[in-house]
Amino acid sequence: MRYDVPDRVRENAATPIRDLDRYRETHAAAANDPNGFWLGVTKERIAWREEPTLGLEGDFHGIAEGPLSWFGDGRLNVTESCLDRHLEARGDKVAILWEGDEPGEVRKLTYRELHAEVCKAANALAALGLKKGERAIIYMGMVPEAAIAMLACARLGAVHSVVFGGFSADALRDRVRDCGAEIVITQDLGVRGGKHIPLKATVDEALAGSPSVKKVLVYKRTEEEVPWDASRDVWWHEALGAAEPTHEAEIVEAEHPLFVLYTSGSTGRPKGVVHTSGGYITYTSYTHATVFDLREDDVYACVADVGWITGHSYIVYGPLANGATTLMFESIPTYPDAGRYWDMVQRHGVTIFYTAPTAIRALAAKGDEHVTKHDRSTLRVLGTVGEPINPEAWVWYFDVVGEKRCTIVDTWWQTETGGIAISPIAPATPTKPGSATLPMPGILTSLRTKEGAVIRGPGQGLLCIDHPWPGQARTVWGDHERFVATYFGHVPGAYFTGDGCRRDEDGYHWITGRVDDVLNVSGHRMGTAEFEAAIVSVEEVAEAAVVGYPHEVKGQGVYAYVVPQGGATVDPASLNGACRTQIGAHAKIDRVQVVPGLPKTRSGKVMRRILRKIAEGRGDELGDTSTLADPSVVDAIRDGFVTKD
Ligand code: 7RM
């Protein structure tokens with residue numbers, strides 16, 4: 001099934017890529033001359049203090065020698081692109097449109113106001129000792145001050161690392177230590193779905209025994225009292241109240257690090273993915289304007305969290321670089337009821353709405369009347385991101401939410417890609433439900449066999465990207481070797497995404513999901529290894545293996561196979577308790593099966609393929625199990641298969 005672009009999306013396009021022919025021309029031009037293409041884009045879109053003459057330096061074959069560079073001789077501060085240069089033409093335009101937890105609880109910050117707040121915050125952070133190149137952890141909810149904190153760090157040339165407010169004290173401590181943060185920025189309490197989240201108290205717990213952090217800057221969101229250490233803690237309103245509303249931006253090299261964002265991989269601890277300044281802001285600005293076909297009077301709403309890459313690239317940096325009005329949403333899609341998104345669309349006149357498949361599925365299950373009772377006539381582009389969207393959910397989004405007048409952009413990308421890499425371009429690309437369609441200009445995808453051979457034409461394989469692009473991650477914080485091994489150790493000379501993909505006869509991409517041990521639960525990316533480490537820390541547990549299984553709403557559910565210590569009984573609640581304290585509240589095991597042993601090869605390697613099949617309910621399709629050290633454990637596991645959460 002193919003959907004043409006609806007008329008109201010095609011008409012009056014702002015992007016020059018108005019149709020499929022223009023797309024093909026642009027993609028070919030960027031492929032033939034990547035440097036020419038990206039230098040053109042960055043000069044047009046970004047406020048450089050010193051314009052670059054260099055494009056890419058380095059390549060994927062030489063990545064082990066050191067990070068790539070884009071625009072290496074350029075100098076800038078990304079906040080000048082996001083703030084200063086808009087003051088003249090857009091000073092009174094709303095930059096951040098904040099909707100709090102309660103419906104209609106609204107704050108609007110114009111570009112002029114946001115600029116002043118960021119300057120005050122930069123001055124306050126500088127007064128607290130934060131310097132260029134130093135790291136600041138931001139552990140906050142969805143308040144404008146989270147974006148202000150990010151931009152203030154960037155203003156100083158300091159490196160921010162936002163930690164999603166759902167992470168536990170243990171997880172926060174790991175991240176503080178890994179990046180060697182000097183300062184933590186947080187708030188008293190998070191407010192979400194009518195509940196309070198103890199952000200400051202969690203910071204206190206995380207910092208006990210982390211001497212690198214000298215100061216904690218605390219935004220006051222509520223009237224509640226929170227624990228206070230006068231030698232370390234500083235109120236945001238006091239520090240900013242005393243600060244000047246102007247600040248001379250620190251001008252940095254294009255490759256100066258902008259932020260570190262921790263993300264889960266298939267092994268070990270989360271990695272600090274590093275993004276740099278000039279390439280990242282170029283790529284997020286370009287893709288945000290192009291994919292959504294951003295227009296000057298758009299009201300753009302991305303309901304992700306700033307704790308994830310989507311919030312960085314498509315709530316803060318891309319939209320602000322483009323002078324857009326960007327909505328920040330503090331609450332959840334079902335508070336106070338399942339109509340909240342569409343109520344906001346109506347009240348704010350939202351034209352572009354960007355969410356995740358898990359939310360779409362959850363809302364579709366609550367019934368159409370929550371949608372249809374609100375006026376959605378302003379909507380033009382509907383986006384999705386985070387996981388594969390099943391065609392049923394896609395069609396519901398298209399028919400019911402968009403009333404068949406809006407186009408759907410299913411945007412595939414990753415923390416590591418920095419921005420959208422495969423997606424329809426709103427006015428140009430006919431869509432197919434479930435397909436992320438075509439690569440962005442400058443993105444050269446390839447499908448590969450396990451051996452790395454390129455698959456041509458229609459087919460299915462490992463999704464790789466064959467040429468560097470400005471928005472890509474440059475390294476893993478403090479561990480370039482891990483960066484090289486993770487992404488370039490599979491296919492020499494190509495970036496391996498960790499995803500599988502099918503390409504159809506039109507060249508459209510259909511992401512089949514992760515082929516490594518990374519889970520995607522409600523759009524939250526988590527490693528099976530992180531779950532396993534938490535589970536085996538429980539005393540009664542000898543061994544554990546975690547796999548994903550298809551879940552109607554969450555995309556994937558978490559299935560844990562647990563081998564008890566000889567004679568012990570395992571309480572599933574203690575397993576979830578361990579995951580909550582070591583990872584966070586979003587890390588929940590859905591199904592636990594106590595098993596006598598794990599299926600292992602004779603060399604002791606757990607055969608996860610077998611465990612995945614059983615968890616998927618396909619225990620009768622295991623194929624050859626004769627290479628197992630003890631094939632009889634498979635029968636025992638298959639017999640005890642858990643089908644209820
Ligand atoms: C933006 C983000 C990345 C992983 C990625 C995929 C999956 C994301 C889509 C998707 C199918 C999509 N960053 N993924 N978008 N799968 N269609 N449109 O989510 O680093 O947190 O996750 O998410 O598996 O590798 S992430």
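Predicted model only: the values in this text are computed from it and were never measured. Numbers here simply count residues along the sequence, with the first being 1.
Checked by atom type and distance alone, the side chain of Thr417 pairs as donor or acceptor with a backbone atom of Gly419 at under 3.5 Å.
Under the salt bridge (charged side-chain N to carboxylate O under 4.0 Å, His left out) criterion, the residue pairs touching residues 615-626 are Glu616-Arg618, Arg618-Glu621, with sequence neighbours excluded. Among pairs with a residue in residues 533-552, those fulfilling salt bridge (charged side-chain N to carboxylate O under 4.0 Å, His left out) read Glu543-Lys600, at least two apart in sequence or across chains.
Val385 pairs with exactly one of Tyr354, Trp308, Trp412 by the side chain to side chain contact (heavy atoms under 4.5 Å, CB included) rule, that one being Tyr354.
In this structure, the salt bridge (charged side-chain N to carboxylate O under 4.0 Å, His left out) partners of Arg638, at least two apart in sequence or on a different chain, are Asp635.
Around atom CZ of Arg580, no more than 12 heavy atoms belonging to other residues, nucleotides or ligands sit under 6.0 Å away.
In this structure, Trp413 has its ring center closer than 6.0 angstrom to the ring center of Tyr314. For Phe167 and His586, the ring centers sit closer than 6.0 Å to each other. Aromatic pair Phe488/Phe483: centroids less than 6.0 angstrom apart. For Tyr317 and Tyr280, the distance between ring centers is under 6.0 angstrom.
Between Glu530 and Lys271 there is no salt bridge, since no side-chain N of the basic residue sits under 4.0 Å from a carboxylate O of the acidic one.
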If you apply the rule side chain to side chain contact (heavy atoms under 4.5 Å, CB included), what do you find for Arg525 with Leu519, and how did you get there? CA-CA 6 Å; Arg525 176 171 163 179; Leu519 301 177; over 6 Å; no
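In this pair, Tyr559 and Tyr561 present their aromatic rings tilted. The plane angle is within the 30 to 60° band.
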